[in-house]
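Each remark here refers to the structure printed beneath this line.
The analysis underlying the following values was restricted to heavy atoms, covering all of them including side chains, and did not include hydrogens, waters or symmetry mates. Owing to the predicted nature of the structure, the values given are computational and were not obtained by experimental measurement. First the proteins, then the strands, lettered A, B, ... as listed; each starts at 1.
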Amino acid sequence: MNGLVVRGKTARTILWVLLAAVTVLYGFPFVYLLLTSFKTPLETIAVPATVFGSEFTLENYVSALGREGVVASFINSTVTAVLSTVISLVLAVPAAYAITRYRTPGGQVFILVALVCRMVPAIVVGVPLVSLFRDLGIADTSFALAIAHTTLSLPLSIWLMTSFFDAVPDELDEAAKIDGCSRLGALRRVVLPVVSGGVAVTAIFAFLASWNEFLFSLLLTAVRAQTTPIVIANFQTQFGLDWGSMTALAALYSIPVVLLTLVLQRHIVAGLTLGAVKG
Amino acid sequence: MMLPAVAFLAVFVGWPLVQFVRDSFYAIEPFGGGREFIGFANYSAALASDAFTGAAWRTLVYTVIVVSLEFTLGLAVALLFSALGDKSRIFRTIFMYPLMIAPVVAGLLWRFLLIDNFGILNELLRRVGILQTTDQIQWLSNPDIALFSVALPDIWLTTSFITLILFAGLQNVPGELLEAARIDGARYTTILSRIILPLLRPVIAVALIIRGIDAARAFDIILIQTNGGPQGSTETLSLLVYRTLVRFGDPGLASAMGTMYLLGMLLVAVVAVYAIWRPGSDRS
């Protein structure tokens with residue numbers, strides 16, 4: 001370990017207590033959301049507010065899932081996120097491979113352009129996309145929404161994949177070529193298996209970007225392709241006081257994400273810190 | 001092999017962007033689509049309106065609140081993690097969860113926590129004796145503090161991003177350097193400001209720029225908590241452009257506002273890259 005580690009015993013104890021306190025505070029909002037979702041609807045808005053409910057009930061979950069469009073929206077969110085992840089990977093992997101292997105000025109410029117794409121507010125791109133998708137006859141479909149979400153995840157995917165390919169020595173491709181592989185063959189048979197962890201990271205981030213996205217989903221969907229974040233937002237205006245169902249739905253929507261984090265946490269940290277630490 | 005990705009971004013980002021900027025020079029009827037070229041009239045109208053200048057100002061304040069609080073908290077926790085070494089791993093995992101949660105969910109959750117009478121935050125503050133009654137602080141309905149309150153979920157969601165990035169950066173700080181400074185009798189604060197922070201500068205720059213851009217684009221988090229209210233006190237540029245377009249049906253004006261918003265962000269980002277990062281100036 002490095003020289004930042006504190007060694008004094010008392011000092012360490014104090015720091016552990018401090019860290020525990022910070023963690024409890026930091027974790028509290030989400031734990032409170034979970035606790036609330038199992039309270040009775042009346043208890044969720046009780047005055048004074050309580051941390052723990054008096055009884056454990058699944059009532060909120062049943063009523064949230066029973067609302068019109070909620071189950072369909074989960075399906076839409078899943079379909080959209082999976083589609084967007086696939087499109088993003090199919091486009092980003094070869095692009096990043098080309099950027100790292102050919103090293104043309106065009107590739108370097110493209111990486112910067114991708115960064116600029118990340119700065120564009122969704123509203124700026126979203127509005128013209130509405131009319132484009134209408135003209136193409138794919139308005140209000142998960143496919144159209146997945147394309148819009150890919151505009152967000154593609155730049156990041158290219159950046160991540162570029163870093164992962166950078167870590168693989170060129171000699172590996174050369175060796176594959178000597179053994180009779182084409183460029184694409186080398187990528188598919190030799191290089192991709194080596195960076196499979198990186199592909200997983202990139203896929204997670206693309207999935208999350210789509211799963212959590214709101215503004216495009218709001219602009220580009222009406223009824224058929226509506227995703228859960230939009231349903232959650234509408235919930236609020238239509239059933240102003242039904243906090244029980246809202247917390248239940250919010251908790252349900254977070255399950256896949258929490259599971260992903262749990263299973264792939266090492267990879268996620270790698271992805272988050274990769275570009276940054278290399279500076 | 002780059003071509004498909006290039007083509008995709010050109011069609012689905014580049015082309016819409018061009019459309020959007022072009023629209024800013026037209027007066028456009030929302031329905032029926034009658035349009036007339038009016039040059040920079042939309043721009044002068046936007047600049048002359050209090051709504052636009054106010055929203056620009058609020059976007060800036062919001063971004064500064066979010067980024068500065070996140071950076072301070074994030075750095076503190078990252079140092080805490082480093083001080084405790086590998087055994088803090090479980091805590092690092094817990095810290096990652098908010099990062100994965102949808103902003104809409106976070107906005108909703110914090111609205112619920114902050115609500116005046118049955119929100120748990122004021123109730124807890126009352127129990128520990130800081131507040132007398134639970135409606136003493138009206139987080140989301142007092143225009144003077146609402147902009148700060150709507151920033152809370154954003155800070156909660158992404159402080160961990162800064163923490164993780166800075167923590168990773170801290171792992172690369174050479175231990176001998178710190179050891180040497182400590183033997184020379186340097187205080188922790190001196191080591192922090194003279195050695196650690198300068199070494200971390202590229203990492204800090206990346207973290208601040210990414211978070212700054214995202215905070216300046218915040219939309220869902222604010223929409224779901226206050227929808228821009230009370231009295232417009234949380235209406236940032238994203239919300240204003242959205243409402244100008246969708247509610248008030250003025251695509252020309254909205255496009256002019258959006259274009260200036262985008263240019264402003266690009267400008268700040270470029271300045272930030274050169275001011276904090278200084279690529280190539282002292283290292284590499």
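Only the side chain of B/D214 comes within less than 4.5 Å of a heavy atom in chain A; its backbone stays farther off. Heavy atoms of B/V18 lying under 4.5 Å from chain A are absent altogether. For a residue to count as touching a neighbouring chain, one of its non-hydrogen atoms must lie under 4.5 Å from one of that chain's; by this rule B/P98 touches chain A with the side chain only. Neither the backbone nor the side chain of B/T259 comes within less than 4.5 Å of any heavy atom of chain A. Neither the backbone nor the side chain of B/L200 comes within contact range of chain A; no heavy atoms are under 4.5 Å apart. Using a 4.5 Å cut-off between heavy atoms, A/T150 contacts chain B through both its backbone and its side chain. Proximity to chain A is limited to the side chain of B/R127, based on heavy atoms less than 4.5 angstrom apart. When heavy atoms are compared at a cutoff of 4.5 Å, B/I101 approaches chain A by way of both its backbone and its side chain. In this structure, the portions of B/I210 lying under 4.5 Å from any heavy atom of chain A include both its backbone and its side chain. The contact between A/F30 and chain B is made by backbone and side chain atoms together, counting heavy-atom distances below 4.5 Å. Only the side chain of B/I213 comes within contact range of chain A, with heavy atoms under 4.5 Å apart. A/I204 does not touch chain B: none of its heavy atoms, backbone or side chain, sits under 4.5 Å away.
Of the listed residues (B/F112, B/Y261, B/F12), the one with the most heavy-atom contacts under 4.5 Å to chain A is B/F112.
Atom CG of B/L124 sits about 5.0 Å away from atom CZ of A/F28, to the nearest 0.5 Å. The CD atom of B/Q19 lies 6.5 Å from the OG atom of A/S131; values are rounded to the nearest 0.5 Å. Rounding to the nearest 0.5 Å gives a distance of 11.5 Å between CZ of A/R118 and CD1 of B/I209. The CG atom of B/L109 sits 12.0 Å away from the CE atom of A/M246 when rounded to the nearest 0.5 Å. Summarising the geometry, atom CG belonging to B/L80 is positioned 4.5 Å from atom CG belonging to A/L19; distances are rounded to the nearest 0.5 Å. Rounding to the nearest 0.5 Å gives a distance of 15.0 Å between CE of B/M100 and CH2 of A/W211.
Side-chain contact check for A/V113 versus B/L9: every heavy-atom pair is 4.5 Å or farther apart. Considering only heavy atoms from C-beta on, A/W243 comes within 4.5 Å of B/L108 through its side chain. Put simply, the side chain of B/Y242 reaches to within 4.5 Å of the side chain of A/L215, judged on heavy atoms. Within the 4.5 Å cutoff, the side chain of B/L113 has heavy atoms near those of the A/P29 side chain. Put simply, the side chain of B/P103 reaches to within 4.5 Å of the side chain of A/N212, judged on heavy atoms. Side-chain contact between B/M2 and A/Y102: absent, with no pair of heavy atoms (C-beta onward) separated by less than 4.5 Å. Counting heavy atoms from C-beta on, the side chains of B/V241 and A/P121 never come closer than 4.5 Å.
Applying the salt bridge (charged side-chain N to carboxylate O under 4.0 Å, His left out) rule to pairs touching residues 209-219 of chain A yields nothing, sequence neighbours excluded.
Between B/F219 and A/F214, the two ring planes are tilted [angle within 30° to 60°].
In this model, a donor atom of one side chain and an acceptor atom of the other lie less than 3.5 Å apart for B/S160 and A/Y26.
For B/S255, the side chain to side chain contact (heavy atoms under 4.5 Å, CB included) test picks out B/F20, B/D23, B/S24, with sequence neighbours left out.
Under the 3.5 Å distance criterion, the side-chain polar atoms of B/R217 are left unmatched by any main-chain donor or acceptor of A/A122.
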